[in-house]
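Step one of this worksheet: look at the structure below.
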Amino acid sequence: MRRIFPYPLLAVALFGMWLLINQSLSPGHLVLGAVIGLTLPWALTLLEPPRVRVRRPTVMVRLALRVFVDIVRSNIIVAGIILGLRRRIRTSGFVEIPLALRDTYGLAVLACIITSTPGTVWVNFNAPSGVLTIHVLDLVEEQEWIDTIQQRYEALLLEIFT
């Protein structure tokens with residue numbers, strides 16, 4: 001069964017996303033979605049990705065809730081900056097954050113979290129030194145950003161992926 005469907009959840013997710021994106025249940029979209037859902041997982045097997053070792057899935061729920069709250073809060077703050085509701089000089093800048101996290105999947109999740117949070121962008125990760133560089137739209141206190149990334153996200157990702 002694994003030879004035909006190497007990643008069955010991915011196949012179903014791709015099929016569902018195709019239908020959602022096209023907003024259609026026409027026979028053509030059903031067939032094309034099925035073809036995409038069946039062929040792309042085979043292409044993924046050629047890349048030979050390492051197996052994900054997720055520990056403590058309950059921590060994933062805590063992380064997801066924390067990220068949701070932070071994204072909503074950041075949206076409100078960035079909207080205030082854009083609309084000029086708070087008058088003060090804004091300083092954007094780069095922050096270098098030392099990380100203990102080395103798991104590629106954990107780093108990928110952290111990149112998604114940082115980049116999807118308004119006002120921050122993942123810029124670079126230096127693998128040998130473990131230093132992450134992010135850009136912050138409204139940089140007030142550099143140490144606050146270092147603590148936020150390390151304590152709010154990295155600590156939970158270390159629990160999940162190590």
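L46 CG: more than 12 foreign heavy atoms inside a 6.0 Å radius. Around the CD atom of Q143, the shell of radius 6.0 Å holds more than 12 heavy atoms that belong to other residues, nucleotides or ligands.
Taking both residues in full, the closest heavy atoms of S74 and P118 are given as CB-O, 3.5 Å, listed atom of the first, atom of the second, then distance. F15 and L30 make their closest contact through CE1-O, 3.4 Å (heavy atoms, listed as atom of the first residue, atom of the second, distance). E142 and V95 make their closest contact through CG-CG1, 3.6 Å (heavy atoms, listed as atom of the first residue, atom of the second, distance). The heavy-atom pair separating P6 from T45 by the smallest distance is CB-CG2, 3.4 Å. In terms of heavy-atom proximity, G37 sits nearest to A11 at O-CB, 3.0 Å. Taking all atoms of both residues into account, the shortest heavy-atom contact from T120 to I114 is OG1-O, 2.6 Å.
The OG1 atom of T148 sits 10.5 Å away from the CD atom of E141 when rounded to the nearest 0.5 Å. Taken from CD1 in I160 to CG in L101, the straight-line distance is 10.0 Å, to the nearest 0.5 Å. Remark: M60 CE to F161 CZ distance equals 6.5 Å, nearest 0.5 Å. One finds the CZ atom of R66 at 4.5 Å from the CG atom of L156 (value rounded to the nearest 0.5 Å). Rounded to the nearest 0.5 Å, atoms CG (L132) and CD1 (I149) are 7.0 Å apart. For the atom pair CG (L107) and SG (C112), the distance works out to 11.0 Å, reported to the nearest 0.5 Å.
Using cut-offs of 30° and 60° on the angle between ring planes, the pair W18 and H29 is tilted.
Judged by distance alone, the side chain of S116 and the main-chain N or O of I113 form a donor-acceptor pair under 3.5 Å. Proximity of a side-chain donor or acceptor of Q150 to a complementary backbone N or O of A100 within less than 3.5 Å is not detected. Not a single donor-acceptor pair under 3.5 Å links the side chain of N22 to the backbone N or O of S24. Under a 3.5 Å cut-off, the side chain of E96 and the backbone N or O of V131 do not form any donor-acceptor pair.
With sequence neighbours excluded, the residues that form a side chain to side chain contact (heavy atoms under 4.5 Å, CB included) with L10 are Y7, L14, P41, L44.
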Checking side chain to side chain contact (heavy atoms under 4.5 Å, CB included) for the pair R62/T58: CA distance, chi angles, key distance, verdict? CA-CA 7 Å; R62 279 192 6 228; T58 55; over 6 Å; no
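Under the 4.5 Å side-chain contact rule for hydrophobic residues, L139 and V123 do not share a cluster. In the hydrophobic cluster analysis, where Ile, Leu, Val, Met, Phe, Trp and Tyr join through side-chain heavy atoms closer than 4.5 angstrom, L110 is grouped together with I71. Hydrophobic clustering (ILVMFWY, side-chain heavy atoms < 4.5 Å, transitive): F125 and V121 are in distinct clusters. Both Y105 and L157 are members of a single hydrophobic cluster when ILVMFWY side chains are connected at heavy-atom separations under 4.5 Å. Under the 4.5 Å side-chain heavy-atom criterion for ILVMFWY residues, no single connected hydrophobic cluster contains both L25 and I21.
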